[in-house]
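First the structure, in the form of structure tokens, and then the observations on it.
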Amino acid sequence: MSNKILQIVLEGLIMGGIYALISMGLTMQYGVARILNVSHGEFIMVGAFITWMLTTMAGISPLLALIICMPVTFLIGYILHRTLYKKLKDLTPSAGAYEGNAMLISFGLMFIIQSVAQKIWGSSPQGYKYLTFSFKIGKTAIAVNRLFVLFVTIIISVIFYFFLNRTRMGKAIRASSQDPAAAGMMGIKINRVMAICFGIGAILAGIAGSLLSMINNINTSMGMNYTVIALIVVVLGGLGSIPGSLVGGLILGFVGSIVNRIDTSLYMVVFYVLIMVLLLVRPKGLLGR
Amino acid sequence: NKAGKTETTDPPSVDENVGTEDTGKDTQPAAEKESIVFGGVRSQSGVFATFDETAFGPCYRMWADKVNAEGGIYVEEYGKKLPVELIIYDDKSDMATMTRLYEKLILEDKVDFLLPPVSTAFLYATAPIADKHGYLLIGAEGGSTTLLDSIAQYPGFFSVLNFSVTQVPALVDILVENEIESAYIVYIEDLHGTEYSGASKPALEEVGIEVHGMKAIPPDIQDMTSIINDAIDSGADAFLLFAYPDQNFLAMNQAMAMGYNPDVFLVGPGGNFEFIKGVFGGAEAVEGLMSWGGWNEKSSEKAAQFAKEFLEYNKDDPKVSIDWWGHLPYYTGLEMLQQAIEKAGTLDNARVIEVLKSEKFDTVMGEVWFENQLLASECYLGNVGQWQNGIFEVIDVGENRTADPIVPKPAWPAE
Amino acid sequence: MPILNATGVSKAFGGLKAVSQVDFHVAEGEILGLIGPNGAGKSTLFNLISGAIPLDSGTIMFDGVKISGKKPDKICRLGIGRTFQTAQNFAGMSLRQNVLMGALFGKKGQSATQAAADVDEILDFVGLTELCDKQVSDIPLAYQKRLEVARALATKPRLLMLDEMMAGLNPTEVAEAMELVEKIRNSGITVIMIEHVMKAIMSICDRIIVLHHGQKIADGTPQEVSSMGTVIEVYLGQ
Amino acid sequence: MPILEIENLNCFYGNVQVLWDVSLKVEKSEIVALLGANGAGKSTLLNTIVGLVPPKSGSIRFMGEDIVNLSGSEIIERGISYLPEGGRLFPDMTIRENLELGAYPMKYWKSRKATLDMVFDMFPILKERQKQLARTLSGGEKQMLAMGRGLMSNPSLCLLDELSYGLSPLMASEVFDIVKKLREQGITVLLVEQNVRQTLEIADRAYVLENGRICLEGECCELIENDFIKTAYMGM
Amino acid sequence: MNTNISRGRLNAKKIAPPGLSLLALILLSLLPIFVTDYTIIKINSIISFVIIAVSWSIFSGPTGYISLSTAAFYGLGMYASAILGNHLPLPLVMVISGIASFIIALIIGVITLRLRGVYFTIFTFGLVELLRNLILWLEIKFSGTRGRFVPSVDFQQVFYCILGTLAIILLISYLIKRSRFGLALIGIGESEDAAAHIGINTTLVKVLGFSISSFAVGAVGAAMATRTNYIDPGIAFNMLMSFMPVLMAIFGGMSTIPGPIIGAAVFAYLEELLITKVPEYFMIIFGAIMIIAILFLPNGLTGIAGKLFKRRKGAGKNANT
Ligand SMILES: Nc1ncnc2c1ncn2[C@@H]1O[C@H](COP(=O)(O)OP(=O)(O)OP(=O)(O)O)[C@@H](O)[C@H]1O
Ligand SMILES: Nc1ncnc2c1ncn2[C@@H]1O[C@H](COP(=O)(O)OP(=O)(O)OP(=O)(O)O)[C@@H](O)[C@H]1O
Ligand SMILES: [Mg+2]
Ligand SMILES: [Mg+2]
């Protein structure tokens, strides 16, 4: 019995942690930069493939590859915002129209990134072995690579939390998400902050991708699934709420690990029913206002 | 880029062809015919792109180039060899696009022959279209027992891949031979998964192998810890997973990590590809793993020759690796079509269909023929394979066997 | 008989009792002032009356009909119009169209021609005729509030609730607004107004209710209320 | 030398001219009031000073230097702080975080602890409730916080837009007291208000803006007796 | 309707004159005489997208409630076709499927339309995923299979059915735009609170709007299923189907009737063109065109038409003075 509970908790934490990372990334992008980034999952895929390439071809440890991934994905995100989205912003005066158009642009990006990736890396599943051994707690076998992923997720979340709550840039980001115009009046360079947020969103996606590649095989069309999960978690948690994303991601992870034990194929059904019921009870998400 | 493909982006040649064809394909022996046009709609992007990239895709490209290198296919009607021309469209893994584009191939491009789309469901959708317009269609990827019920409706439809009908009995024989007493079945919730699991359970139980568990998994599963744990707890001798590479590899990864190593570990499509070794860091990682399919260089001289040519042809494309299940039958299908055209001496699909139904063909698989529109089961060189020392050995009970099965499976290699 | 009668009205947001156990009535034809410190629950009370948010407990009767529990559109059609503290207009439409919306939907069976005729009259009544073809987003906030009044009037209310219509006006503009309110009352419409501008409240209201922490702490004529110690202490200051 | 000097400023929103040849001066340690009807252009003038609205022509000099082409953050660094209409607090951040953001430009960020103490001295209630979220404050507390946030950049000039908007009479007088406190600290104030009487009581000088033009200026003690002001802006 | 309303600013944007649309419909219906079979098939598929985009913008355009439930109703239509197609003629299947979609949308609307903004959007999105997974699960658990054949129907018959649906949806869209109901939808989009407080029954209007916009989607799904021959839950409930109308409507320009029509037609045609001419680079080019189009036509395709028109008018004015 206690074995089962331990398994459920670990499983829930591991997948929930990854979902949370992904969703926090999307929250950064939507909450501040107002971009419902449909290509978010593609950044996950890119992160995963960079890690895979560095690991299998250059023989670098996946952990090191993950660290290399961070500046790369950040730069892609930052530059994309500084060019495309900045230009769009200058061209679209109304906030509503900007949101719609920004989503369209990210659709275009999704097509392009996925297709380019497919040209480079192909469409077949890829993978590598990393820490594929286990130890036992009681009767429960615990895979070390998954535990490691959990560990990294926790560290990243803590760093991210401190960044947002304790640093000057973090506070500027939060302020911008609540009232961008007033943030501008404080002397915050709002365009830069948005680009940074977009970049951070991309980093979080990249990290998630890296981590996923350590425990799962990857392929170039994997992105969309994660985009969907991120969208749902972000709304479940409450738009723009970073803690909401964290909680939402973990809930999703736990629901998954519990339902998996009852009937794996009901997983998605239960999950969506849960989301819909929750939204009806709390129309602004768990931690939304 | 392969020669056949570049031609698809070259509309003039297609248009010329259409022009000549417009005057009536069946009525006049059009003397100016310059090539035989084969058209297909393949998923070159989206979730099914991996099929075109690794399964049938490399085969038809290689075949077209090889035929053209020999000057083409001799068609008596025209009194000369006609080169093969390919028109391949991308359906972006979308069914509606796929069916529409087949109609374009037929109605607008007026191709001479059709090449199949990816996967079973897509084949199902295409068969009625081909049939309606009198085209023959030799399916590649996919096949299922549901097909058997409807295949007679579409007399021009043929299938070359072996599937549960021959594979499940072969597997059961192997399990019995190795005194396996119990099995744990996991299957993906789709046509393929339901079919294999549906066929296996009664077959296993009939010979007295207990089925300890039977779990369905969704295609987007991310974590199989609970399933592996359940399989461990069930204590079953054999772990049978009827799913696709994504799920199969996830299960293998987690089984390795959790140290789950049953006597028999079989995964569905995916385990039969050469590239699986790379995914898990080398041949020793998959030692003892079973999967469907089965042919290799030892199966026959012709098979060995094919493997050599295939590797030579694709040596510059790292994305292509050999498929020890499908590549041989896929290529065989193409050769059968080619020979049927030559034998019929015409591009008239109806006559070619007659030839395909009645004749035997000499192909990379040896002498083969269709029986009830399926490749006769005697033709196959193997139904179940097992990785042994980096070679995908055929372990069927009987004369196709290239190596004895290793049961129990050796332990996953330590990190 | 009072046109509006509320008993035991309560509303809590989470732990915060925004309005608690408030009883009051409004007599037909009067101007009732609603004052109280910021956050006292005045706007919330309006929201409860107009049906914008459901109440936790209590009943509100309008003209003998129980309106608590009804939806805003029903309540509007029964004859209660209102404005919002932060103006809520149809920003993409012209002023005329805004008022027309009120005229078209405010009463059942209103014909389009009749509605259009009403609109001109109302625009004139509130003094927005000149601006009527401008888009809402192009006019200053104070006018937007007046537009809301016009739109509410277009629904032909018998009771009109004005939420801080005079905020941000200078004393002269306040005087104009006061005139408008009296004009509205003289046309037979009962008015409840929330206001922090004491001068206006004291001079045009027949009666004043004071809310504090969601509770009614005073109810009386302007003179009575303004001399009450608690009111001075929590609201007016010295 | 006046701390702020505006000459012949013209401003447009699109094709609509909102400010016409506006000129005004603010001397050090003064409270200058800006009066005018709704839509007269008062907020626009303040927005132009802090660089949110680019002027078409005219000059704005702060401590003798032209600031027309500077970015918002540069203007803040020069020592102007702006308190927009409605306070514009960050509702989901604590009082302390809101204050810190007032010192966002690097120049002030480093010394934010010291400034924070100064602000807390001025508004002890903010210190008590440092951890409270801005959204949960009462109207008057919000205005205090907004002012405190404006002071975090050690401004020499504060631009205040409609401080008493929507406040109860009690709160309003508290807020006017605070403005007086600012002057005591040596901070110059340019104040936009609708509460004309109370404003004229605390301010030194005032300008009256009508339809985008300055139509009257003078010492407050005189203006309060001015007939035009009385009829047009005090409703007498 | 009174001229005062249609003269106003919102309606000043040119509504496609019904006469012109009628002419276009008649021309389209004569098409099979003049063009090749495949052209009909292609146009048929483009029109189906036009219907979906127009349907979508009936509700989502004015209210700003971005619905991603199109795939749900489309998928239900496909299943209706697979189940009923053997027993009933296509037009009847379409009507049944349309009515079923209408009723289901009515129910869903009552539950969901208190959600606002992105919350509503994600809920509708979740609906599609829920249906897909639920039906998948039901099929596996109870019917033991996953896919179904759809009885085939002659493509010309499908074409006329689709064309009929187009006529109906254009008419509905036009009537709504001119009606009090349409005005109420716009009011809800501008300010829902204000709308409720001037006597608009916002719930009723929203639910009805949502249901009307789902009706034709179900019907089209039923018709188009016959073109795919075979469906399974993954095919029927395809997320892309939900995104397409949104993309198309934004691409064309949302606030007018011609916007979604042009958007859908151009979009679908472009896709077909690229997919057949440059299959290998189709996705990259398609994505790039989308980005460039949005950057340079932020108000959609009809936006530039409007701008050109305005500019010419403005120039004329300047010349006069
Ligand atoms: N929707 C809501 N959710 C949570 N709290 C609310 C909500 N609406 C109002 N409140 C809270 O209820 C209390 C009363 O608010 P209300 O708006 O009624 O005050 P008020 O008397 O109108 O004040 P003011 O004069 O400042 O407008 C406040 O503390 C406010 O924060
Ligand atoms: N962003 C804007 N775009 C277009 N016009 C604007 C904008 N902001 C203000 N205006 C217009 O400019 C004029 C002056 O507005 P401003 O806000 O400066 O007035 P104000 O004196 O501050 O009035 P109030 O007392 O209402 O705050 C008004 O006619 C207003 O409608
Ligand atoms: Mg209020
Ligand atoms: Mg102002």
Side-chain angles (χ1 to χ4, degrees), chain A residues 3-4 7-8 10-12 14-15 18-19 56 111 114-115 118 121-136 139-146 212 214-222 224-226 228-229 253 256-269, chain B residues 43-54 92-93 186 188-189 215-230 232-233 244-250 252-260 270 273 275-276 278-282 285 317-321 412-415:
Chain A
N3 272 336
K4 280 262 184 288
Q7 280 173 21
I8 289 177
L10 272 179
E11 254 179 80
I14 292 161
M15 284 325 285
I18 288 182
Y19 295 157
T56 55
F111 286 138
Q114 198 179 329
S115 184
Q118 206 187 316
W121 294 308
S123 317
S124 307
Q126 299 291 358
Y128 55 86
K129 272 193 339 176
Y130 183 55
L131 305 176
T132 42
F133 52 90
S134 61
F135 62 90
K136 288 212 162 165
K139 265 180 64 191
T140 310
I142 291 168
V144 172
N145 56 3
R146 286 189 172 246
L212 279 168
M214 297 177 194
I215 55 172
N216 204 339
N217 49 292
I218 58 177
N219 62 58
T220 42
S221 56
M222 68 194 267
M224 192 63 189
N225 276 339
Y226 292 105
V228 170
I229 288 177
S257 76
I258 293 167
V259 179
N260 267 344
R261 253 146 253 278
I262 300 161
D263 182 347
T264 310
S265 56
L266 258 184
Y267 168 34
M268 280 288 158
V269 176
Chain B
S43 301
Q44 293 178 330
S45 57
V47 285
F48 300 135
T50 175
F51 283 97
D52 188 56
E53 185 179 299
T54 56
K92 58 192 169 64
S93 303
V186 181
I188 189 164
E189 291 172 324
K215 284 226 166 180
I217 53 171
D220 39 15
I221 190 161
Q222 291 297 318
D223 187 347
M224 301 206 358
T225 313
S226 64
I227 287 172
I228 306 271
N229 269 318
D230 198 46
I232 295 175
D233 292 347
Y244 297 117
D246 276 339
Q247 302 80 33
N248 294 337
F249 293 177
L250 174 63
M252 287 169 62
N253 192 318
Q254 291 203 258
M256 280 180 207
M258 293 166 69
Y260 174 52
F273 283 97
F275 73 76
I276 192 177
V279 173
F280 292 97
D317 191 347
K319 284 177 273 184
V320 177
S321 82
W412 302 106
E415 179 96 351

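Given the structure is predicted, the values throughout are model-derived calculations rather than measurements. Numbered from 1 within each chain, the chains take letters A, B, ... in sequence-line order.
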Under 4.5 Å from a heavy atom of chain B, the part of [X] involved:
X	answer
A/Asn260	both
A/Ile215	backbone
A/Asn216	both
A/Tyr19	side chain
A/Ser115	neither
A/Gln118	both

Which bit of B/Ile227 is near chain A, if near means a heavy-atom gap under 4.5 Å: side chain, backbone, both or neither?
side chain
Atom group of B/Thr54 that falls short of 4.5 Å from chain A, counting heavy atoms:
side chain
Out of [options], return the one with the most heavy atom pairs under 4.5 angstrom to chain A.
options	result
B/Ser321, B/Ser45, B/Gly282	B/Ser45
B/Ile228, B/Val320, B/Asp246	B/Asp246
B/Val47, B/Thr225, B/Asp230, B/Asp223	B/Asp223
B/Met256, B/Gln254, B/Gln222, B/Met224	B/Gln222
B/Met252, B/Glu53, B/Lys215, B/Met258	B/Glu53
B/Ala255, B/Ser93, B/Ala49	B/Ala49

With a 4.5 Å cut-off on side-chain heavy atoms, are B/Val279 and A/Pro125 touching?
no
With a 4.5 Å limit on heavy-atom distance, are the side chains of B/Pro413 and A/Lys129 in contact?
yes
Rounded to the nearest 0.5 Å, what's the gap from [atom1] on [X] to [atom2] on [Y]? Could you check?
X	Y	atom1	atom2	answer
B/Ile276	A/Asn217	CD1	CG	10.0 Å
A/Ile258	B/Ser226	CD1	OG	11.5 Å
A/Asn219	B/Phe249	CG	CZ	10.5 Å
A/Met214	B/Asn253	CE	CG	12.0 Å

Note: A/Ser124 and B/Phe275 closest approach over all heavy atoms is CB-CZ, 4.1 Å
Comparing A/Gly122, A/Ser123, A/Ala143 against chain B, the one with the most heavy-atom pairs below 4.5 Å turns out to be A/Ser123
Results of salt bridge (charged side-chain N to carboxylate O under 4.0 Å, His left out) for B/Asp220 - residues two or more places apart only:
none
